[in-house]
Amino acid sequence: MAKFQAPKGVSEYVPDRSSHFDYVRSTLINSAQVAGYQLVELPVFEDTELFARGVGESTDVVRKEMYTFEDRGGRSITLRPEGTAGVMRAVIEHNLDRGQLPVKVYYSGAFFRAERPQAGRYRQFYQVGIEAIGLADPRIDVEVIAVADRAFKELGLKNYRLEITSLGDSATRESYLVELRAFIAGIEIDAETRERANLNPLRLFDDKRPEIREAMSKAPILMDYLTPESAADFAKVQELLTALNIDFVVNNRMVRGLDYYTGTAFEFAHTDLGAQSAIGGGGRYDGLMAQLGGQELSGVGFGLGIDRILLAREAEGLLLPAESGLDLYIVPLGVGDAALLLAEELRNRGIKVDLAFGDKALKGGMKSADKSGARYSIVLGADELASGVVHLKEMQTGESSSVTLGALANELIERISNYGEHL
RNA sequence: GUGGUCGUAGCUCAGCUGGUAGAGCACUCGGUUGUGGUCCGAGAUGUCGCGGGUUCGAGCCCCGUCGAUCACCCCA
């Protein structure tokens, strides 16, 4: 029989890598939680129309990357390609925007895009994101950026940079796009590129081909068209980022892939990742709520790619061997039942315990204890059960001391807490 | 979706101009009475990604396919 394989392009994590994945995810989530963001756990599939309208019909995501299918009731369903649209839907549906503003939520989970896979770009991938809805204030833009930056710093990342820009309000963008389209009409580009430009002229700023870059170097810049209000907001963002010691560069030709962005937009790019360098991105989306049938509320948020952050940490040599965190390993000699009962008793007291199963010789059992990474080990055999005394051995030093079985739990708990204080 | 590279034991890889597979690490057991990490010895493990073809004979050549990877489009 042919072996089953995971579907093409999905990312999945098994030991020992899974522990690194878990660490990245929990660090990102923690950074959101300390800033007062609360969990939303949302479905991975939604009405197709939600993404078509929310993400934007002109985007590649909607045009060719969505996993769309018909469910048994004939509804068109799509696996979520990003998080913001679903959050907006939930906020509107559950009237979260009727209370105190801003609504601050975070989410974490799998997302789906039907692209040609490569390292750092998967068909099922993982993101942690936050959204702050209902406050049009550059300070909240900065808070959102700071949540991401704090997480990256906690994760030990150094080789990344924050790029920011302002996309202006929708009126500004409209008038600017007229200018840009006029400019593009006057340069020489191939038919396919022109078609892309017709869909979204901003895309040409992102093109990697030198001749296109050269042609676009003389293009009008959106930043020059900002209203005084937008310009002031953008200046405030920069001022506060500086005050927070968050390094950034202004990239006035940055393009975001989703249509809903307005005002502040940002991207975190890692320098050691090749073409898939963005480890996170986000910005302000002031028209989105209304566009999805909610009230006129502004919003700002980001999505951070767990898979790519993990690759970035790996590239920076930050993936140290995982520690098991085990406190005790039990090596049974012919008394498997008693060993399991003891292990469970200790586990119920909150001690992290593993044990050898099956008939192992003492030497093999001790090898297992060694490999388990546990701080202590005991051998449990007929002698110990008869005398009620075990030798508690500290694996690193090799020292052992006699402890009665009855006192073992308390002894371990005391040693563990002392150990913690000396760290 | 377009183009390039790659696919050999659990992992990292070797395999000369085609003659039916190897190393290191890891794993299991042992080095005589109940204590691991070093050392020594022994052992198990692969339909050489999958399917066709050429050939007396293919891991090595050809075609297809699946997957990974790199770049593009695009993006987390």
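Computed over heavy atoms, backbone and side chain alike; hydrogens, waters and symmetry mates excluded. All chains are named by letter (A, B, ...) in the order of the sequence lines, taking the proteins before the strands, and each is independently numbered beginning at 1.
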Using whole Å, what does the distance between atom [atom2] of nucleotide [N] and atom [atom1] of [X] come to?
X	N	atom1	atom2	answer
A:R63	B:C74	CZ	C1'	11 Å
A:L333	B:U33	CG	C1'	13 Å
A:K64	B:U2	NZ	P	11 Å
A:I130	B:A76	CD1	P	15 Å
A:R17	B:C11	CZ	P	14 Å
A:F205	B:C74	CZ	P	13 Å
A:E195	B:G1	CD	P	18 Å
A:F266	B:A76	CZ	C1'	12 Å

All stems that RNA chain B takes part in, i.e. 3 or more consecutive Watson-Crick or G-U pairs with distances under 3.5 Å, are B:1-7 with B:66-72, B:10-13 with B:22-25, B:27-31 with B:39-43, B:49-53 with B:61-65
Compare all side-chain heavy atoms of A:I130 with those of A:K104 and state whether any distance is below 4.5 angstrom. no
Student check: side-chain heavy atoms of A:D207 and A:R213 closer than 4.5 Å: no
Does anything in residues 132-154 of chain A pair up under ring-ring contact (aromatic ring centres under 6.0 Å, His included), and if so which pairs, sequence neighbours excluded? A:F152-A:Y160, A:F152-A:F268
Quick one: ring-ring contact (aromatic ring centres under 6.0 Å, His included) pairs with a partner in residues 333-392 of chain A, sequence neighbours left out?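 Found none.
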RNA chain B nearest-nucleotide lookup for A:S277 and A:A114: closer to the 5′ end is A:A114
Would you say the side-chain atoms of [X] and [Y] include a donor-acceptor pair closer than 3.5 Å?
X	Y	result
A:T27	A:N30	no
A:Y260	A:T84	yes
A:S11	A:D307	yes

Short N-O contact, A:K218 and A:E214, less than 4.0 angstrom: yes
Run the salt-bridge test on A:D60 and A:R63 with the 4.0 Å N-O cut-off and return the result as yes or no. yes
Interface with RNA chain B, restricted to residues 80-92 of chain A and to heavy atoms under 4.0 Å: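 Result for residues 80-92 of chain A: none.
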How far, in whole Å, is [M] from [N] if one measures between their [atom1] atoms?
N	M	atom1	answer
B:G22	B:C60	C1'	15 Å
B:C6	B:U20	C1'	25 Å
B:G52	B:U17	C1'	26 Å
B:G30	B:C70	P	45 Å
B:U2	B:C11	P	30 Å
B:C40	B:U45	P	24 Å
B:C66	B:C29	P	43 Å
B:U8	B:A14	P	10 Å

Does any pair with a residue in [range] pass salt bridge (Lys or Arg N to Asp or Glu O under 4.0 Å), and if so which ones, sequence neighbours excluded?
range	value
residues 159-168 of chain A	A:R161-A:E163
residues 13-25 of chain A	A:R17-A:E314, A:D22-A:R25
residues 326-339 of chain A	none

Who passes ring-ring contact (aromatic ring centres under 6.0 Å, His included) against A:Y13, sequence neighbours left out?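 Expected list: A:F21.
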Considering every strand and a 4.0 Å limit on heavy-atom distances, what is the contact class for A:R113: base, sugar-phosphate, or nothing?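 The residue A:R113 makes base contact.
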So what does A:G381 touch, heavy atoms closer than 4.0 Å: a base, only the sugar-phosphate, or nothing?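 No contact.
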Does the side-chain ring of A:F125 lie flat on the base of B:A76, meaning centres under 5.5 Å and planes less than 30 degrees apart? yes
Would the base of B:A76 count as contacting A:E267 through its side chain, where contact means a donor and an acceptor less than 3.5 Å apart? no
Sugar-phosphate atoms are those with a prime plus P, OP1 and OP2; base atoms are the rest. Using that split, label each nucleotide of nucleotides 35-46 of chain B B, S or - for protein heavy atoms under 4.0 Å, 5' to 3'. BBB---------
Go through the structure and list residues passing side-chain contact (heavy atoms from CB on, under 4.5 Å) with A:P201, not counting sequence neighbours. A:L177, A:L180, A:R181, A:I184
Listed partners of A:D47 passing side-chain contact (heavy atoms from CB on, under 4.5 Å), at least two apart: A:E49
What's touching nucleotides 64-72 of chain B from the protein side, N or O pairs under 3.5 Å?
unit_1, atom_1, unit_2, atom_2, d
B:C66, O2', A:Q5, OE1, 3.2
B:G67, OP2, A:K8, NZ, 3.4
B:A68, OP1, A:G9, N, 2.6
B:C70, OP2, A:A119, N, 2.6
B:A71, OP1, A:A275, N, 3.2
B:A71, OP2, A:Q118, NE2, 3.0
B:C72, N4, A:R121, NH2, 2.9

